[in-house]
Structure formats: C-alpha cells, structure tokens
Undergrad: 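Dropping the structure in here first, questions after.
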Amino acid sequence: QVEFVESGGGLVQPGGSLRLSCAASETIDSTFVLGWYRGQPGKQHEWVATLLTSGSTIYANSVKGRFTISGDSARRTIYLQMDSLKPDDSAVYYCNDGSMWGQGIQVTVSS
C-alpha cells in the first residue's frame, strides 16, 4: 500500500508563500483522486484542494485564487503552492488519495 510523507511547511509571515510536497512511496494509481486537507486545534479539519484524474483542479472558496494543487508526471509527488498566505491558513496540512493519509505538516502564518 502507498505511504505519503509531507514536507515544505514552516513559519511564514502574512502575504508570504510556501510550497508543500507530498511524496508517495510508490506510483499512485491513475484512478485515484488526490487532495489536500487541513486542521487546527479546536476546529474541524477541512478540505482544501483536489486534483482530479483528468488533471483538472478544484479548491475551497477560502483558498481559491491563492493556492495551486499539482502533481508530477510520474505520479509520485503531490504539491500545494500557497501564495498570499493569511493567519487563518495556519494549520496542519495532510495529503491523501481517498483512503491513505500522510502524517501531516505544520504551516504557521504569523507576523
């Protein structure tokens, strides 16, 4: 079974950018829908972005126009480019393929 490891998180000031990576232990099945989710202490986790099997993308309204989800041609890595970051974007971010989840990585947006 595939395993995921997220990287690229950290501390950034409001208005800054980060690029998250989600590395898979093996090639991801071409029929799987890939996505990113996030959660904060005391709040429900929420869906952020999805990469469809067609290559099209969809986004939560809260990040639309600021975040971009993509994958490499070998289907081994999922990316989340985050621009114009806001304090409300602070959370632990997780990638998944519809069933398996990464361990999560912290993103903190603060001045």
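The basis for the numbers below is simple: all heavy atoms, side chains too, and nothing from hydrogens, waters or symmetry mates. Please read all numbers here as calculations on a predicted model, not as lab measurements.
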Undergrad: Within this structure, what is the CZ-OG distance for the pair R75 and S30, rounded to the nearest 0.5 Å?
TA: 6.0 Å

Undergrad: CG/L34 to CD1/I28 distance, rounded to the nearest 0.5 angstrom?
TA: 5.0 Å

Undergrad: Please report the closest heavy-atom contact between N61 and K64, naming both atoms and the distance.
TA: OD1-NZ, 3.0 Å

Undergrad: Looking at CG of L51 and CZ of F32, how far apart are the two atoms once the value is rounded to the nearest 0.5 Å?
TA: 14.0 Å

Undergrad: Find out whether C22 and W36 are in side-chain contact, i.e. whether some heavy atom of one side chain is under 4.5 Å from a heavy atom of the other.
TA: yes

Undergrad: Should S110 and L11 be marked as a side chain to side chain contact (heavy atoms under 4.5 Å, CB included) after you check the CA-CA gap, both sets of side-chain angles, and the distance that decides it?
TA: CA-CA 7 Å; S110 176; L11 175 65; 4.3 Å; yes

Undergrad: Got a second to check how far E3's CD is from D97's CG, nearest 0.5 Å?
TA: 11.5 Å

Undergrad: Of all heavy-atom pairs between S21 and T77, which one has the smallest distance, and what is that distance?
TA: CB-CG2, 4.3 Å

Undergrad: Is the number of heavy atoms from other residues, nucleotides or ligands within 6.0 Å of CG (D88) greater than 12?
TA: no

Undergrad: Among the clusters formed by ILVMFWY side chains lying less than 4.5 Å apart, do M100 and L52 turn up in the same one?
TA: no

Undergrad: Are L80 and W47 linked, directly or through intermediate hydrophobic residues, by side-chain heavy-atom contacts shorter than 4.5 Å (ILVMFWY only)?
TA: no

Undergrad: Do you know which two heavy atoms are closest between T27 and R76, and how far apart they sit?
TA: N-CD, 3.3 Å

Undergrad: Indicate yes or no for a side-chain donor-acceptor contact from S90 to the backbone of V109 under 3.5 Å, with no hydrogens or angles considered.
TA: yes

Undergrad: Count I, L, V, M, F, W, Y as connected when their side-chain heavy atoms are under 4.5 Å apart, and connections chain through other members. Are L18 and I105 then in the same cluster?
TA: yes

Undergrad: Please tell me if the side chains of I78 and I69 come closer than 4.5 Å, counting only heavy atoms from C-beta onward.
TA: yes

Undergrad: Is V63 reachable from V92 through a run of I, L, V, M, F, W or Y residues, each pair having side-chain heavy atoms under 4.5 Å apart?
TA: no

Undergrad: Measure across M82 and L20 and return the closest heavy-atom pair with its distance rounded to 0.1 Å.
TA: CE-CG, 3.7 Å

Undergrad: So, taking the atom named CG in D89 and the one named OG in S62, what distance separates them when rounded to the nearest 0.5 Å?
TA: 7.0 Å

Undergrad: Where is the tightest heavy-atom contact between Y59 and T68, given as atom of each residue plus distance?
TA: OH-CA, 3.3 Å

Undergrad: Please say which of L85, T57, D83 ends up in a side-chain contact (heavy atoms from CB on, under 4.5 Å) with F67.
TA: L85

Undergrad: Would you name the heavy atoms of D72 and Y79 that are closest together and state the gap between them?
TA: N-CE1, 4.2 Å

Undergrad: Can you tell me how far apart OH (Y37) and SG (C95) are? Round to the nearest 0.5 Å.
TA: 11.5 Å

Undergrad: Parallel, tilted or perpendicular for H45 and W101, by the 30°/60° rule?
TA: perpendicular

